[in-house]
Amino acid sequence: MPELPEVEVLVRHLRPLLRGKKIRAVQIRRERVIRPTPAKQLQRTLRGATFEAVSRRGKFLLFQLRGLTKTKSILLVGHLGMTGRMFLARKSEPLPKHAAVVLDLGREQFIYEDQRYFGKLSLDASSIARMGPEPLDKNFTATKFAAALAGSKRAIKVRLLDQDLVAGVGNIYASEALHRARIKPQLAAGKLKPPQIRALWRAIRQVLTEAIRFGSTIPLHHGSAAQRQDGLFYYGLAADAPDYYEERLRVYDCAGKPCKHCKTPIRRIIQAARSTFYCPRCQH
DNA sequence: CACCATGTTCCTTG
DNA sequence: CCAAGGAACATGGT
């Protein structure tokens, strides 16, 4: 379930586990996920390299490594697509069916697994260069947000998915933020009034922050193989509370259910070929 | 069989 | 140049 909060929780989980670990071997089981960097080049670059830092930009994971020559640092860029997961496992454990890349770290393995292979791992940071501000950073101000929305005729929900407007907002949190800000998703982005822009700016930050806080509340640790099979576990969910996360969402995937605010049934519409969920009474 | 799915990128059309 | 819409990528769930 990777949007900004899920990636952030994953980064916090991986950071202490990867720091200082050396890559002994690079096994590429699905070449498609290595792009646009040639697979051979990635393999050559990573073999022998050591993890120094793990961070995030939007929905992208950034792994900083030091190569064998120790001269310049390496930036490994990862994206989870729709179904990607990354985790460490003992070598004795069986690989998941859709394991795409396996990094041999000695005692353990770093596994990038992706059922649909929409995600990627590369040395190419070009998509990050064009990306908009980090919504939780200090420099993401309501004023800058207003300026970025000005003049746009596109529906605000569709605009929110543009990574050059704000980095990291995806289909779930776009609907959630608009519901909190009580703004109709079909409204042209450039037509939002200053109070609405401010409300949306706050709602985006609130929704993302709460999702991260929730995901980080439950300590992540190495579990059994059974726990590992539950992908949600890696986004910070306790294995015994699998539905809690979904219950936090007020509109996403809630078509027909009563709005938590006014009891009006939540509506599902299609915008830019993707589902949008909203309350027809609260949001206008 | 149908339709749906947390994302990105490319292509066509206007 | 911009916007909108669609398709592609690939696998699975319902």
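A quick note: this is a predicted structure, and the numbers were derived from the prediction, not measured. Order of the sequence lines fixes the chain letters, A, B, ..., with proteins taken first and strands second; residue numbering starts at 1 for each chain.
What separates CZ of A:F60 from P of B:dG7 is a distance of 12 Å, to the nearest Å. Following rounding to the nearest Å, A:Q186 (CD) and C:dA4 (C1') show an atom-to-atom distance of 16 Å. If you take CD of A:Q271 and C1' of B:dA5, they are 17 Å apart, rounded to a whole angstrom. As rounded to whole Å, 11 Å separates atom P of B:dA5 from atom CD1 of A:I172. Taking atom NZ of A:K157 as the reference point, atom C1' of C:dA4 lies 14 Å away to the nearest angstrom. To the nearest angstrom, P of B:dG7 lies 14 Å from CG of A:L61. To the nearest angstrom, C1' of B:dT8 lies 13 Å from CG of A:D124. Between the CG atom of A:L249 and the P atom of B:dA5 there is a distance of 14 Å, rounded to whole Å.
Comparing C:dG6 with B:dC3, their P atoms sit 14 Å apart, to the nearest whole Å. With both ends at atom P, the span from C:dA8 to B:dA2 equals 15 Å, rounded to whole Å.
Looking at A:R12 and A:E8, a side-chain N of the basic residue comes within less than 4.0 Å of a carboxylate O on the acidic one, giving a salt bridge. A:E176 has no carboxylate O lying under 4.0 Å from a charged side-chain N of A:R248, or vice versa, which leaves the two without a salt bridge. Between A:R90 and A:E108 there is no salt bridge, since no side-chain nitrogen of the basic residue lies less than 4.0 Å from a carboxylate oxygen of the acidic one.
Remark: A:Y252 is in phosphate contact with B:dT6, judged by side-chain N or O atoms under 4.0 Å from OP1 or OP2. Close to C:dA3, at under 4.0 Å from its OP1 or OP2, lies no side-chain N or O of A:K153.
Each of A:I270 and A:R274 was matched to the nucleotide of DNA chain B holding its nearest heavy atom; the match closer to the 5' end belongs to A:I270.
Taking the six-membered ring for Trp and thresholds of 30 and 60 degrees, A:F51 and A:F63 have ring planes more than 60 degrees apart, a perpendicular arrangement.
Here B:dT6 is the nucleotide among B:dC4, B:dT9, B:dT6 with the atom lying nearest to any side-chain atom of A:N171.
Across all strands shown, A:S127 has heavy atoms under 4.0 Å from sugar-phosphate atoms exclusively, and none from any base. Across all strands, A:R268 comes closer than 4.0 Å only to sugar-phosphate atoms, never to a base (heavy-atom distances).
A:R180 places a side-chain heavy atom less than 4.5 Å from the side chain of A:R250.
Nucleotide C:dA10 has no partner under the Watson-Crick or G-U criteria, as no pair reaches both atom distances under 3.5 Å. Across all strands shown, B:dT6 forms no Watson-Crick or G-U wobble pair with both key distances under 3.5 Å.
Judged as a ring-ring contact (aromatic ring centres under 6.0 Å, His included), and not counting sequence neighbours, A:F118 has no contacts.
Annotation: A:H98 is in aromatic contact with A:Y117 [ring centroid separation under 6.0 Å].
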Footprint string (nucleotides 7-14 of chain C, 5' to 3'): B base within contact, S backbone only, - free, heavy atoms under 4.0 Å: --BBBS--
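The salt bridge (charged side-chain N to carboxylate O under 4.0 Å, His left out) test with A:D104 is passed by exactly one of A:K91, A:K21, A:K22: A:K91.
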